[in-house]
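Below is one structure, written out as structure tokens, with a few remarks after it.
So that the names make sense, note that chain A is the first sequence line, chain B the second, and so on, each numbered from 1. These values consider heavy atoms only, across backbone and side chains, with no hydrogens, waters or symmetry-generated copies.
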2 protein chains.
Amino acid sequence: MTDPAGPRATPTPPTSTAVARRAGVSRATVSYVLNGQAAGRVGERTQARVRAAAEELGYVPHAAARSLRAGRGSIVLLAAPADTAVAFGPLFARFLAGFQTALHHLGYTGVLHGAPAASPTAAARAWAELRPAAVLTLHGPPLDAPAVELLHRSGTAAVLTHGPSAPPGAHTLLLDQREAGLRAGEHLLARGRRRIGVVRPAEPGLAAFAESRLAGVRAAAATHPDAEVHPLDLALTEESAARLAAAWQERGLDAVFAYNDEYAMLLMRALQDAGHTIGTGAGGRIAVVGADDLLLARLLRPRLTSVRAEITPPERVAAWVAALIRDPAAAPTTHRLGTFHVEARDSG
Amino acid sequence: MTDPAGPRATPTPPTSTAVARRAGVSRATVSYVLNGQAAGRVGERTQARVRAAAEELGYVPHAAARSLRAGRGSIVLLAAPADTAVAFGPLFARFLAGFQTALHHLGYTGVLHGAPAASPTAAARAWAELRPAAVLTLHGPPLDAPAVELLHRSGTAAVLTHGPSAPPGAHTLLLDQREAGLRAGEHLLARGRRRIGVVRPAEPGLAAFAESRLAGVRAAAATHPDAEVHPLDLALTEESAARLAAAWQERGLDAVFAYNDEYAMLLMRALQDAGHTIGTGAGGRIAVVGADDLLLARLLRPRLTSVRAEITPPERVAAWVAALIRDPAAAPTTHRLGTFHVEARDSG
DNA sequence: TTGAAAGCGATACCAC
DNA sequence: GTGGTATCGCTTTCAA
């Protein structure tokens, strides 16, 4: 059957015309049968012939031709910069898997596309060429107003951006990073901490999240007249952490929200190496809180207290997106992508 | 300018016809100008008028229509199961970013798509509908022969699968996981270890990698008559690690290659909690080697020896792919995606 | 220097 | 029940 030298690209892939010829019917009939619109129109025997012909030829419909004709595409674009996997970790991978499957069941093709371009508008252009039914950003610089405008003008039915705020015309997927900071701050304040450091990662992709989390801690601190919040710049290197630890004494901080578990681990190590003690209780111990609740949080000593995100099931998010696609003129809506809570352990 | 209620999807996105009308020229002229084929054909002033019209209308070409007409698509599909980000970690994110940018410069659109379907053939069908210029798998179950056949028949010019072996007609991207095991094994043997455990992660997505790495360690051990290799099943939970640590004594292993840094961390912690000592040197110390060389490898105590992958620059991989697309009839080729070496530290 | 028209593949209306 | 056929947006050859 197969060419022993290995199959090569057929000069012309089978079209619905080829299927029609082979089955001895017209293209229209093929279309009806293969799209389930044949009920009461096409005879059983004919249907079987068509299906057999399609099978034998290895016919696969041409998505581009279909959506050209239909006037609407079926791809849902997840616009995610490269550092998304790093920022979200395994959480994101799991969500993405479920989301793509759910979209598939709804008749859409979920596809992840980075922004290879410099400006948001250039990226939006690249996405718009694919005429997606919807565009979602979960991370990174949110789309600006011109980018959203461009997508809408090119026919994108629904544009969803991550919060906290969305440009006009875009829906909002809210995974409010302020809330992460808020929970961490509340937790530390409830344990009597008053001089709280908040790590601001030097890694550029994380800046937006970091600022929101910092704002959250500040919001929590605002309820305590004697609470202070101090931003701490930290890069993901041992040197940077050592510098921070060396200057700890003079800052006199008694707690730190370390952005995430990885930064927390780095900082804990540096603080311990500098002779500080980490943990709950009084007596000069420094409370450390991470985020993401990775396995490593439980492996550190002391065990790391961590803010964990409870993510909305991907099926539900897919359903939202589908609904928004069906009603492109809908007023901008906001959907919570998840909530945060603190997993308390020994470190703070 | 903008509707204050927020822009809505325009009933009909601007087409090249609209641009032509606005500029007072024909569609052909618009096409020439906007694709840089206007040299010597269209006057300077006309070109300027066309460009201005396109700009004002927010015209974005319709990729589907273009590739339908051209007969060849421009999307390069990265077929990656959901656990890819987990398996590869930050390494993968960085590679992906560079790869998409490089493809963009070559005129292709790199897009990540999971396998929403149960069978490889069903997944291949979903991909084939997009008529990609190329399909790459970097991870997960490799495509089987029927899947590759299906893609080729639907016009995919190049199919690349990760090694070690590829189905007929597919090219191979080789990041030989056996080599990771081989390096780890050689390293441990050179340091006098003879009873080597190899972690086999219980997580299903990692099974293929794990077996290859185990095979690599076995290959290294084959050169030492008195060396033994023992597979160790381990899930990413503390309970699982504790069980393994409890049974360590009776196994009498003096070294372990822990699949990656995360499993290594987990196992190290369990071994230490069970009273074992980790590190180089004699005297009952257990040597532990991880992989991926994450930051955490340097933060653990003792510092974790780790096998690190040196990945081929994404620009080069993109160039390979582009070349294979241009020559669809080429005999199957093999490209090394990277090599492994050991970053020796204190743990083994 | 510019325009008219064919045609890529799939779909759905309207005849038969 | 089934088959012609116009149409989606774009590129490109050929003619003017």
Could you list all the salt bridge (Lys or Arg N to Asp or Glu O under 4.0 Å) pairs where at least one residue sits in residues 50-66 of chain A, not counting sequence neighbours?
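For residues 50-66 of chain A: A:Arg22-A:Glu56.
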Show me the pairs that pass salt bridge (Lys or Arg N to Asp or Glu O under 4.0 Å) and involve residues 312-334 of chain B, at least two apart or across chains.
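Counting only pairs at least two positions apart or across chains, no salt bridge (Lys or Arg N to Asp or Glu O under 4.0 Å) contact touches residues 312-334 of chain B.
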By side-chain hydrogen bond (donor to acceptor under 3.5 Å, both in side chains) - contacts of [X] (at least two apart):
| X | value |
| --- | --- |
| B:Ser26 | B:Thr29 |
| B:Tyr32 | B:Arg41 |
| A:Arg336 | A:Glu179 |

Would you jot down, in residue-number order, the residues of residues 62-72 of chain B having a non-hydrogen atom under 4.0 Å from DNA chain D?
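Only B:His62, B:Ala65, B:Arg66, B:Arg69 qualify.
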Can you list, in residue-number order, the parts of residues 26-50 of chain A that come under 4.0 Å of DNA chain D, counting heavy atoms only?
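DNA chain D contact set from residues 26-50 of chain A: A:Ser26, A:Arg27, A:Ala28, A:Thr29, A:Gly40, A:Arg41, A:Val42, A:Gly43, A:Thr46.
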Could you walk me through whether B:Thr109 and A:His113 pass the side-chain contact (heavy atoms from CB on, under 4.5 Å) check?
CA-CA 8 Å; B:Thr109 301; A:His113 189 279; 3.2 Å; yes
Check whether any side-chain N or O of [X] sits under 3.5 Å from a backbone N or O of [Y] as a donor-acceptor pair, and report yes or no.
| X | Y | value |
| --- | --- | --- |
| A:Thr46 | A:Val42 | no |
| A:Thr172 | A:Thr334 | no |
| B:Glu129 | A:Val60 | no |
| A:Arg27 | A:Thr17 | no |

Output the distance between atom CG (A:Leu173) and atom CG (A:Leu337), rounded to the nearest 0.5 Å.
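These two atoms lie 4.5 Å from each other.
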Could you tell me which non-hydrogen atom of A:Ala322 sits nearest to which non-hydrogen atom of A:Leu106, and how far apart they are?
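The answer is CB-CD1, 4.0 Å.
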Considering the terminal five base pairs at each end of the helix from C:dT1-D:dA16 to C:dC16-D:dG1, what angle separates the two local helix axes, rounded to 10°?
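What I find for the helix from C:dT1-D:dA16 to C:dC16-D:dG1 is an axis angle of 50°.
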Between the side chains of A:Thr333 and A:His335, does any donor sit under 3.5 Å from an acceptor?
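Yes, a side-chain donor-acceptor pair sits under 3.5 Å.
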Identify all side-chain donor-acceptor contacts of residues 157-167 of chain A below 3.5 Å with residues at least two apart in sequence or on another chain.
from	atom 1	to	atom 2	distance (Å)
A:His162	ND1	A:Thr137	O	3.4
A:His162	ND1	A:Thr137	OG1	2.9
A:His162	ND1	A:His139	N	3.3
A:His162	NE2	A:Gly140	O	2.7

Show every donor-acceptor pair shorter than 3.5 Å between a side-chain atom in residues 67-80 of chain A and any protein atom, with sequence neighbours excluded, or say none if there are none.
from	atom 1	to	atom 2	distance (Å)
A:Ser67	OG	A:Ala63	O	3.2
A:Ser67	OG	A:Ala64	O	3.3

Nucleotide range of DNA chain C contacted by chain B, 5' to 3', under 4.0 Å to a heavy atom?
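Here the contact window of chain B covers C:dT1 to C:dG9.
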Could you give the start and end, 5' to 3', of the contact zone on DNA chain D for chain A, using atoms under 4.0 Å from its heavy atoms?
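Terminal contacting nucleotides, 5' to 3': D:dG1 to D:dG9.
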